[in-house]
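Shown next, in structure tokens, is the structure this report addresses.
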Number of protein chains: 2
Amino acid sequence: MANLVTIKDIARELNISVSTVSRALRDTYDVSHDTRDKVLATAARLNYKPNYNAIGLAKGSTHNIGVILPFITNYYFSTVITGIQEVAYSKGYNIVFFVTNDSPEREVDILENLAISSLDGLLVSIATDSDAYEHFELVHKEGMPIVFFDRVANGIKTSKVMQDDYNGAFEATEHLIANGYTKIAHIAGPRGLSLTQKRLNGYLAALQKHNMPTREEWVIHSGFSQQCGEEDTYKLLDSEEAPDAIFAVNDRKAIGAMIALKNRKIRIGKEVGVVGFTNDPASTIISPTLTTIAEPAFDVGKKSCELLLKHITKKHFQPEEVILPGTLIVRESSIRN
Amino acid sequence: MANLVTIKDIARELNISVSTVSRALRDTYDVSHDTRDKVLATAARLNYKPNYNAIGLAKGSTHNIGVILPFITNYYFSTVITGIQEVAYSKGYNIVFFVTNDSPEREVDILENLAISSLDGLLVSIATDSDAYEHFELVHKEGMPIVFFDRVANGIKTSKVMQDDYNGAFEATEHLIANGYTKIAHIAGPRGLSLTQKRLNGYLAALQKHNMPTREEWVIHSGFSQQCGEEDTYKLLDSEEAPDAIFAVNDRKAIGAMIALKNRKIRIGKEVGVVGFTNDPASTIISPTLTTIAEPAFDVGKKSCELLLKHITKKHFQPEEVILPGTLIVRESSIRN
DNA sequence: TAAAAAAGCGGAAACATTACCGGAAGCGTT
DNA sequence: AACGCTTCCGGTAATGTTTCCGCTTTTTTA
């Protein structure tokens with residue numbers, strides 16, 4: 001697997017030095033237009049491919065960016081990855097994966113075993129319970145560029161990209177109100193996650209704006225799974241004042257809610273409205289189809305990667321926090337008739 | 001991002017040469033137990049992390065393996081990837097992704113632009129229409145280890161891992177027969193793909209074994225999408241002799257079939273049985289729930305990666321073809337009452 | 001028109017590691 | 001006591017590229 005053609009070959013071919021070839025290829029100063037063109041031409045002719053190991057060794061950098069995330073077998077994350085991949089590929093970067101299975105221990109393990117020398121930067125979405133993120137703080141302090149997406153570590157001063165959880169939740173709730181539901185509950189995510197908090201706040205703000213009633217029992221925190229959504233819904237139905245609509249923190253929990261409603265023979269839409277968040281493909285498969293807020297997953301991936309590349313290439317790039325809007329997609333589960 | 005501690009530091013610390021340290025770390029010959037232990041101890045104490053760029057440069061290898069596949073936002077492939085990731089991570093390998101979006105052109109582009117020097121091996125599932133695979137042949141000839149999974153290129157002499165399409169289809173069909181369906185149709189995949197052919201053969205073999213009728217119009221070839229499944233089903237329903245059961249090449253097409261049946265007010269299970277293939281999460285969400293053959297996606301990923309690592313480390317590892325069995329999962333869509 | 005600056009290029013070191021070769025001990029054998 | 005094996009280790013070259021420094025040659029400036 002040794003390199004087929006190197007810059008030495010180009011240099012020999014043109015009777016110039018390797019340093020000149022190197023500069024010409026990178027298009028930096030100190031090389032005339034003429035020789036630069038010649039170098040580029042013969043490089044193309046000989047089918048020259050740079051050896052990233054050598055570059056990495058010399059420059060102390062590679063062309064690999066690491067992606068650390070909880071799961072990959074999941075519509076949202078796999079779509080984000082596709083976005084990341086898109087821009088990374090176009091810029092000649094490779095992406096290497098580390099999946100935490102949502103376990104903070106695994107996350108720490110990955111960070112510690114990370115061959116830090118073989119990664120130019122990190123794109124991360126933290127594990128659910130990772131309230132502690134000193135491990136990220138550490139590698140960041142050591143100079144590793146990091147961009148957080150979706151589940152961000154607020155304490156670390158770097159770029160972050162998220163979807164607009166607040167406004168998405170606001171819009172979802174307002175949609176339920178507009179469709180005549182009056183007792184709207186929220187099946188929330190795990191406490192502590194900023195995503196959970198923002199969606200909750202959006203929900204509360206919409207209720208407040210329209211002078212709708214709120215009740216403490218109408219907000220239930222639990223995990224992200226379908227199972228949790230189902231259990232939460234039974235609790236809601238069994239509470240003193242059962243709600244007539246449910247806004248779930250994600251589609252999986254919304255689907256869990258729908259299953260619970262079906263089990264109790266409650267007609268979805270007509271009697272109890274349901275709105276999710278994500279736009280998982282399952283939301284069009286379940287019957288009735290699920291109204292949801294479509295997350296801009298692909299764009300989150302693209303934007304994060306673009307930002308990371310800026311952090312990598314420009315030494316003092318100012319961190320940006322970008323918030324991408326979601327889109328309400330109205331389907332059957334939130335319509336009265 | 002320069003390396004923090006190198007083998008030089010270890011050598012200086014112990015007053016020995018770097019070559020000895022190098023040998024000790026790799027646990028090769030020519031180093032005494034005593035010094036090896038010392039080296040290992042101080043390496044751990046100084047928190048030494050190998051620089052893969054340097055290793056790669058010196059040895060002509062990296063610790064990256066490339067994964068080329070059609071999609072990633074899809075249950076099957078993302079699960080395979082999780083399996084790959086699992087073993088790669090445990091062996092200290094990184095995985096780098098290239099998604100073809102099922103486009104042969106993109107596939108060729110990737111292969112051509114591949115920084116061949118930065119990958120130790122390739123794990124690939126070819127694009128649907130990639131009947132030509134000279135591009136893979138080429139890099140394989142140049143010495144790049146390749147393992148194919150799921151969608152394999154038969155012409156290339158290397159390891160392959162697949163699920164047992166034939167027996168899975170056989171079992172699915174037999175299950176329909178056992179449940180009293182007599183006119184069983186097959187919504188197949190695109191022609192030319194070996195996966196398509198094997199599932200078709202399994203279906204036919206089961207029918208033959210039980211002396212069930214077959215009809216040419218009962219086998220329809222088309223793409224893998226839900227849309228295709230729906231269209232195929234309308235054709236079946238409108239054919240001379242409408243079938244009373246449908247075995248689909250995958251779950252998405254099966255779901256398309258169910259949608260078509262629902263649109264025609266045909267009761268799924270009772271009137272027309274449906275069986276899919278994959279065990280996509282959607283199969284438990286749709287109503288009625290979908291009977292299917294669960295593919296061993298995770299194990300396919302694990303096994304492929306294990307084989308690839310053997311090809312990488314052992315120069316003349318004999319190619320293996322492994323076939324992993326699927327599992328019939330009976331749900332509501334194939335039960336008469 | 002001489003001096004100063006700029007442009008263009010080459011040489012060599014450096015990056016961290018491995019591979020090859022040679023050599024010094026230490027051992028037993030004759 | 002000389003010989004030949006092992007065993008263990010060090011020195012050096014090599015991998016492909018970048019970067020720094022310095023040397024010419026050309027252009028600009030005074």
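Residue numbers begin at 1 in each chain, while the letters A, B, ... track the order of the sequences.
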- Note on the structure: Taken to the nearest whole Å, NZ/K59(B) to C1'/dA16(C) is 13 Å
- Can a side chain N or O of S32(A) be found less than 4.0 Å away from OP1 or OP2 on dC9(C)? yes
- Of the listed nucleotides dC9(C), dT17(C), dG10(D), the one nearest the side chain of T6(B): dT17(C)
- Item | Donor on one side chain, acceptor on other, N64(A) and Y52(B), under 3.5 Å | no
- Note on the structure: Atom CG of D37(B) and atom C1' of dC8(D) are separated, to the nearest Å, by 15 Å
- Item | Nearest to side-chain heavy atoms of D30(A), which nucleotide of dC9(C), dT17(C), dG16(D) | dC9(C)
- Hey, does the side chain of S17(A) come within less than 4.0 Å of dC9(C)'s phosphate (OP1/OP2), counting only N and O? no
- Query: What nucleotide among dG10(C), dG8(C), dT17(C) has an atom nearest to a side-chain atom of I7(B)?
  - Reply: dT17(C)
- Query: Should T35(B) be listed as having a side-chain N or O under 4.0 Å from OP1 or OP2 of dC9(D)?
  - Reply: yes
- Under 4.0 Å between a side-chain N or O of Y48(B) and OP1 or OP2 of dT17(C)? yes
- Task: Just compare dT15(D), dG8(C), dT19(D) and give me whichever is closest to any side-chain atom of L57(B).
- Result: dT15(D)
- Going by atom types only, do T20(A) and R23(A) share a side-chain donor-acceptor pair under 3.5 Å? yes
- Side-chain heavy atoms of F136(B) within contact of E107(B), under 4.5 Å: yes
- Minimum-distance nucleotide to A58(A) side chain [options: dG10(D), dT18(D), dC9(C)]: dT18(D)
- Task: Keeping the roles fixed (side chain from T73(A), backbone from Y75(B)), state whether a donor-acceptor pair exists under 3.5 Å.
- Result: no
- Task: Starting at atom CG of L14(B), determine the distance to atom P of dG10(D), rounded to an integer number of angstrom.
- Result: 10 Å
- Message: Quick check against the 3.5 Å criterion: does R26(A) have a side-chain atom that pairs as donor or acceptor with the backbone of S22(A)?
- Response: yes
- Please report, rounded to the nearest Å, how far the P atom of dA14(C) is from the NZ atom of K8(B). 8 Å
- Do the side chain of R36(A) and the base of dG8(C) come within less than 3.5 angstrom through a donor-acceptor pair of N or O atoms? no
- Item | Distance in angstrom units between I16(A) CD1 and dT17(D) C1', rounded | 15 Å
- dC9(D), dT18(D), dT18(C): which one has an atom nearest the side-chain heavy atoms of I55(B)? dT18(C)
- Would you kindly give the CD1-to-C1' distance between I10(A) and dT18(D), to the nearest whole Å? 15 Å
- Message: Without decimals, in angstroms, what is the distance between R23(B) CZ and dC20(C) P?
- Response: 12 Å
- Note on the structure: Sorted by position of nearest nucleotide on DNA chain C, 5' first, the leading residue of V18(A) and S19(B) is V18(A)
- Consider the side chain of N51(B), meaning its heavy atoms from C-beta on, and name the nucleotide among dC9(D), dA19(C), dA16(C) that approaches it most closely. dA16(C)
- Report which part of the nucleic acid R26(B) touches: base, sugar-phosphate, or nothing (heavy-atom distance under 4.0 Å, all strands). sugar-phosphate
- Query: Thinking salt bridges, do D102(B) and R151(B) make one under a 4.0 Å N-O criterion?
  - Reply: yes
- Message: Using whole Å, what does the distance between atom C1' of nucleotide dT17(C) and atom CG of D9(B) come to?
- Response: 13 Å
- Message: Nearest heavy atom decides the nucleotide; on that basis, is A54(B) or H33(B) closer to the 5' end of DNA chain D?
- Response: H33(B)
